[in-house]
Amino acid sequence: MRAMKTKYDVLIVGAGSGGAILGLLLARQGIDVLILERGSQLPNDIRSEILQPNGQKILDDLGILNGLPEDAVYQTRQFDFFRIGKGRLCAFDYGDLPSPYNVALTAFSSSLHQHVLDATADETTLTVLYGAVFKGLMRHGKIVTGVMAEHEGQSHEIRAQLVVGADGIGSAVRMALDISSQVHQYPEGYLLGVLDRPQGFEHRSRYYIGKGEILGLLPVPNDQLYFFYLLPNMTRASLDAVGFQRIKDAMEEIDPSLIQPLKQLTHLDQTIFRPCFRVRAATWVTDGAMIIGDAAHAMNPHISQGRMQAMHDAVVCSRVVQDCLAKGDCSGSSLAAFERERRPHVEMLQRLGDEQTFFWNSRNPVVQFAVDRVLRTLDDNVRLRYQALTATAGLRRQAPFSLTDRLVAVGLLPDWWAKTG
Ligand SMILES: Cc1cc2nc3c(=O)[nH]c(=O)nc-3n(C[C@H](O)[C@H](O)[C@H](O)COP(=O)(O)OP(=O)(O)OC[C@H]3O[C@@H](n4cnc5c(N)ncnc54)[C@H](O)[C@@H]3O)c2cc1C
């Protein structure tokens with residue numbers, strides 16, 4: 001860590017995916033950047049994620065993707081969908097996507113992110129200060145001119161031409177900017193954990209949908225299998241009351257290949273429960289400051305695009321910020337180019353995430369019947385399947401289905417453009 005100065009070109013709060021990649025991109029243009037990160041240097045989380053094709057391209061452009069060690073990511077080609085107790089519905093094959101990003105990479109979030117943080121260490125104009133907490137904004141009139149922060153028990157005032165809030169769902173920067181926003185917590189979150197990988201998951205994932213029940217199984221590096229199991233929001237005490245054994249029994253019943261691996265899980269402490277949120281902020285830019293990533297637009301993890309979109313923000317933001325710094329104009333109206341470019345794509349994904357939550361998490365038999373029909377149609381219909389896959393892969397900006405497509409998907413209209421297979 002380099003010594004902290006009291007003035008920088010850009011100050012970023014949060015060294016998550018959005019903040020770290022933005023810092024890296026700006027520093028590579030010779031811009032003087034400070035990132036304040038309240039956490040410790042080594043992220044540690046058993047959560048795994050899918051690095052979608054759009055995220056792979058961003059890391060490739062940064063020269064990070066090819067430098068990832070072989071045991072950092074696992075290549076998954078196929079995602080098989082099942083109705084619990086009733087069998088297979090549909091399969092999505094990433095091999096259908098254009099090369100070279102025609103695979104999903106699954107990885108432990110913290111180890112993947114560590115590689116991004118490692119890359120920041122090589123940049124001479126970038127300082128990442130760990131254990132540093134954002135405390136408030138400095139202003140001149142309405143213009144943001146810097147932040148107040150606490151580090152190792154000391155208060156600091158740090159000035160910057162631009163302050164970026166990349167500080168996640170509960171963003172303190174968004175609150176300090178007084179940006180009107182809706183933070184919605186979905187009624188369900190996920191119990192997450194890691195098991196030894198049984199046979200049958202070689203480059204394939206399984207996704208089970210039931211009556212208000214979801215179990216996802218993703219192969220991850222080191223011969224392990226990551227699971228996520230949908231549960232209503234719960235405190236640790238109520239999870240204990242449900243009984244870990246009951247959850248394990250339910251998982252074994254859904255996929256009997258888990259019987260042996262689940263024996264390793266003897267205590268709830270080997271898992272974590274993660275709630276899910278959506279954030280809608282009225283604006284992402286103001287005079288001298290902006291917000292990116294989950295701080296601006298967290299979305300339901302069904303769409304598996306939250307981290308990818310934080311990275312996309314960083315790419316667009318770095319371009320806009322370079323222009324603004326060159327003109328000496330970091331006013332809200334100059335920074336608005338960022339929001340204009342990013343908001344439509346992000347809002348489309350948020351809507352898609354909400355639709356999937358409504359349909360897939362449902363306990364209603366009519367809704368479940370419709371879901372099964374749609375997934376079975378997608379299994380046969382190459383055109384509609386490709387549209388759905390490219391949305392999840394982050395490769396399309398428009399909603400995957402028009403009204404006609406939806407009617408086709410539920411079997412109410414024939415598909416005149418269909419290719420089957
Ligand atoms: C169960 C689950 C599964 C998911 N799966 C996927 C997936 O498969 N693919 C995908 O793309 N996305 C996935 N996501 C979403 C993804 O994790 C987030 O969208 C992504 O991490 C957002 O990145 P970010 O940089 O905006 O925020 P964050 O990653 O939250 O980073 C914010 C950073 O700011 C720091 N910070 C916060 N407050 C302060 C402060 N006051 N001072 C200093 N620092 C501060 C935090 O310590 C943190 O490091 C999933 C989310 C969940 C809950």
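First listed ligand is number 1; within each ligand, the first listed atom is number 1. Each residue takes its place number in the sequence, starting with 1.
Relative ring orientation between His312 and His345 is described as perpendicular, the plane-to-plane angle rising above 60° on a 0-90° scale split at 30° and 60°. Between Tyr190 and His302, the ring-plane angle classifies as perpendicular under the 30° and 60° cut-offs. Between Phe81 and Phe92, the ring planes are perpendicular. Angles over 60° get that label, and only those under 30° would be called parallel.
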*Test Asn222 against Asp71 for side chain to side chain contact (heavy atoms under 4.5 Å, CB included), laying out the working first.*
CA-CA 6 Å; Asn222 308 326; Asp71 62 357; 3.8 Å; yes

*Trace of the side chain to side chain contact (heavy atoms under 4.5 Å, CB included) decision for Leu258 with Lys248*: CA-CA 9 Å; Leu258 301 183; Lys248 283 171 49 174; over 6 Å; no

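Protein residues are said to neighbour a ligand when one of their heavy atoms lies under 4.0 Å from it; for ligand 1 these are Val13, Gly14, Gly16, Ser17, Gly18, Leu36, Glu37, Arg38, Arg47, Glu49, Ile50, Ala132, Val133, Phe134, Ala166, Asp167, Gly168, Pro275, Gly293, Asp294, Pro301, Ser304, Gln305, Gly306, Arg307, Met308, Ala310.
Residues Tyr130 and His151 place their aromatic rings such that the two centres sit no closer than 6.0 Å.
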